[in-house]
There are 2 protein chains.
Amino acid sequence: MKLLTRAEELILWAVLRLKKEAYCLPIHAEISRVTDENWSLGSIYMPLDRLVKKGYLVSRLSDSTPERGGRRKRIYRLTPEGYKALKNARKVQDRMWEKMPGKLEDI
Amino acid sequence: MKLLTRAEELILWAVLRLKKEAYCLPIHAEISRVTDENWSLGSIYMPLDRLVKKGYLVSRLSDSTPERGGRRKRIYRLTPEGYKALKNARKVQDRMWEKMPGKLEDI
DNA sequence: AAAGTTTTTATTATATTATATACCTTTGAC
DNA sequence: GTCAAAGGTATATAATATAATAAAAACTTT
């Protein structure tokens with residue numbers, strides 16, 4: 001299985017976490033929060049599309065909501081393959097750190 | 001602080017782990033092992049160089065060893081900045097998974 | 001001892017893919 | 001018609017993957 005890029009991993013993670021609210025803007029906000037960096041929106045859309053093409057995500061359009069600017073949202077959801085890829089990414093991380101000290105202070 | 005790419009993170013990790021044996025071929029082997037993928041050597045050299053340019057690694061040439069083909073090795077070592085960047089990458093990962101179930105089975 | 005061979009390591013060139021930046025478009029309510 | 005929220009595109013830059021080549025050291029052969 002091909003390893004995810006960092007952006008792909010963060011996006012799959014955010015989609016899993018956000019559940020029914022997994023559309024672009026919250027995904028963007030969640031990733032910016034957890035990485036403590038400013039991501040541009042384009043840096044989210046393009047990997048999102050790629051993940052759909054790869055079969056890791058599927059999307060649907062929600063109904064519009066009765067708020068100003070409340071247009072239909074494109075909601076994403078993990079496929080079993082996407083879930084598997086994310087689990088694999090995490091497994092690699094676990095392997096990396098399992099024999100390293102807890103807070104990485106022994107330099 | 002700019003987030004590391006996946007290759008950069010894996011390389012800093014391997015260098016930290018391999019200590020005095022941190023030259024390209026063992027780094028390559030260690031990364032292939034932990035990710036369970038076949039990396040080409042070029043995919044190690046180029047990020048290695050970049051990490052040196054960014055000030056995250058320094059390198060020196062070892063003496064040659066008395067074995068067939070035992071030419072001098074270029075040994076890498078983390079700078080304090082490199083160490084800090086790796087710690088930060090790990091911190092982001094910890095934040096990602098801290099409220100997610102242990103083995104990610106609740107889909 | 002000189003010349004060629006094999007092994008280990010380092011390095012470069014280039015094509016492909018991913019990311020970042022800066023825009024533009026659509027939709028719905030006010 | 002304007003404003004706000006969301007979706008989307010174009011393009012430049014950067015990173016990764018692939019496929020070679022080059023150098024150095026010891027071994028082998030003559």
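Every heavy atom of this structure was used, including side-chain atoms; hydrogens, water molecules and symmetry mates were not. Below, chains carry the letters A, B, ... as their sequence lines are ordered, and counting in each starts from 1.
The distance between atom CG of A/L48 and atom P of C/dA20, rounded to the nearest whole Å, is 14 Å. A straight line from CG of A/L10 to P of C/dA18 spans 16 Å, rounded to a whole angstrom. For the pair A/R50 CZ and D/dT9 P, the computed distance is 15 Å after rounding to whole Å. Across the protein-nucleic acid pair, A/L4 atom CG and D/dA15 atom C1' stand 16 Å apart, rounded to whole Å. Nucleotide D/dG7 holds its P atom 14 Å from the CG atom of A/L57, rounded to whole Å. Rounded to whole Å, the distance from OH on A/Y45 to P on D/dA6 is 9 Å. Separating the CD1 atom of A/I44 from the C1' atom of D/dG7 is a distance of 14 Å, rounded to the nearest angstrom. The interatomic distance linking B/D49 (CG) with C/dA13 (P) rounds to 12 Å, in whole Å.
When heavy atoms are screened at a 4.0 angstrom cut-off, A/T5 is found touching the sugar-phosphate backbone but no base atom. No contact: B/K53 has no heavy atom under 4.0 Å from any strand.
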Sequence neighbours left out, cut at 3.5 Å: what donor-acceptor pairs do the side chains of residues 68-77 of chain A make with other protein atoms?
| from | atom 1 | to | atom 2 | distance (Å) |
| --- | --- | --- | --- | --- |
| A/R72 | NE | A/S62 | O | 3.0 |
| A/R74 | NH1 | A/S59 | OG | 2.9 |

Show me the side-chain donor-acceptor pairs of residues 39-49 of chain A shorter than 3.5 Å, one per line, residues at least two apart or across chains.
| from | atom 1 | to | atom 2 | distance (Å) |
| --- | --- | --- | --- | --- |
| A/W39 | NE1 | A/T35 | OG1 | 3.0 |
| A/S40 | OG | A/S43 | OG | 3.0 |

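Inter-residue side-chain proximity for B/L4 and B/Y56 is flagged as met; some heavy-atom pair is nearer than 4.5 Å. The side-chain heavy atoms of B/M100 and A/W13, taken from C-beta on, include a pair separated by under 4.5 Å. The shortest side-chain heavy-atom distance between A/L10 and A/V34 falls under the 4.5 Å cut-off.
Considering only residues two or more places apart in sequence or on other chains, A/E9 meets the salt bridge (Lys or Arg N to Asp or Glu O under 4.0 Å) condition with B/R6. The side chain to side chain donor-acceptor pair (under 3.5 Å) check on A/T65 picks up A/E67, with sequence neighbours excluded. For A/K54, the side chain to side chain donor-acceptor pair (under 3.5 Å) partners at least two apart in sequence or on another chain are A/E8. For the side chain to side chain donor-acceptor pair (under 3.5 Å) test, residues two or more places apart in sequence or in another chain that qualify with B/R33 are B/E30.
Within residues 23-31 of chain A, no residue has a heavy atom under 4.0 Å from DNA chain C.
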Checklist line | Contact pattern, 5' to 3', of nucleotides 21-30 of chain D - B, S or - by protein heavy atom under 4.0 Å | finding: -BBSBSS---
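In plain terms, the two heavy atoms of B/I27 and B/A14 that are nearest each other are CG2-CB, 4.0 Å.
A donor-acceptor contact shorter than 3.5 Å links the side chain of B/E37 to the backbone of A/L3.
For A/K54 and C/dA18, the shortest distance from a side-chain N or O to OP1 or OP2 is below 4.0 Å. In this structure, B/S43 reaches the D/dA17 phosphate: one of its side-chain N or O atoms is under 4.0 Å from OP1 or OP2.
In terms of position along DNA chain C, the nucleotide closest to B/G42 lies nearer the 5' end than the nucleotide closest to the other residue of the pair B/G42 and A/A7.
Cluster annotation: A/L16 is connected to A/L51 through the hydrophobic network of ILVMFWY side chains, with a link wherever side-chain heavy atoms come within less than 4.5 Å.
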Produce the list of close N/O pairs, under 3.5 Å, pairing protein atoms with atoms of nucleotides 14-16 of chain C; give distances to one decimal.
none

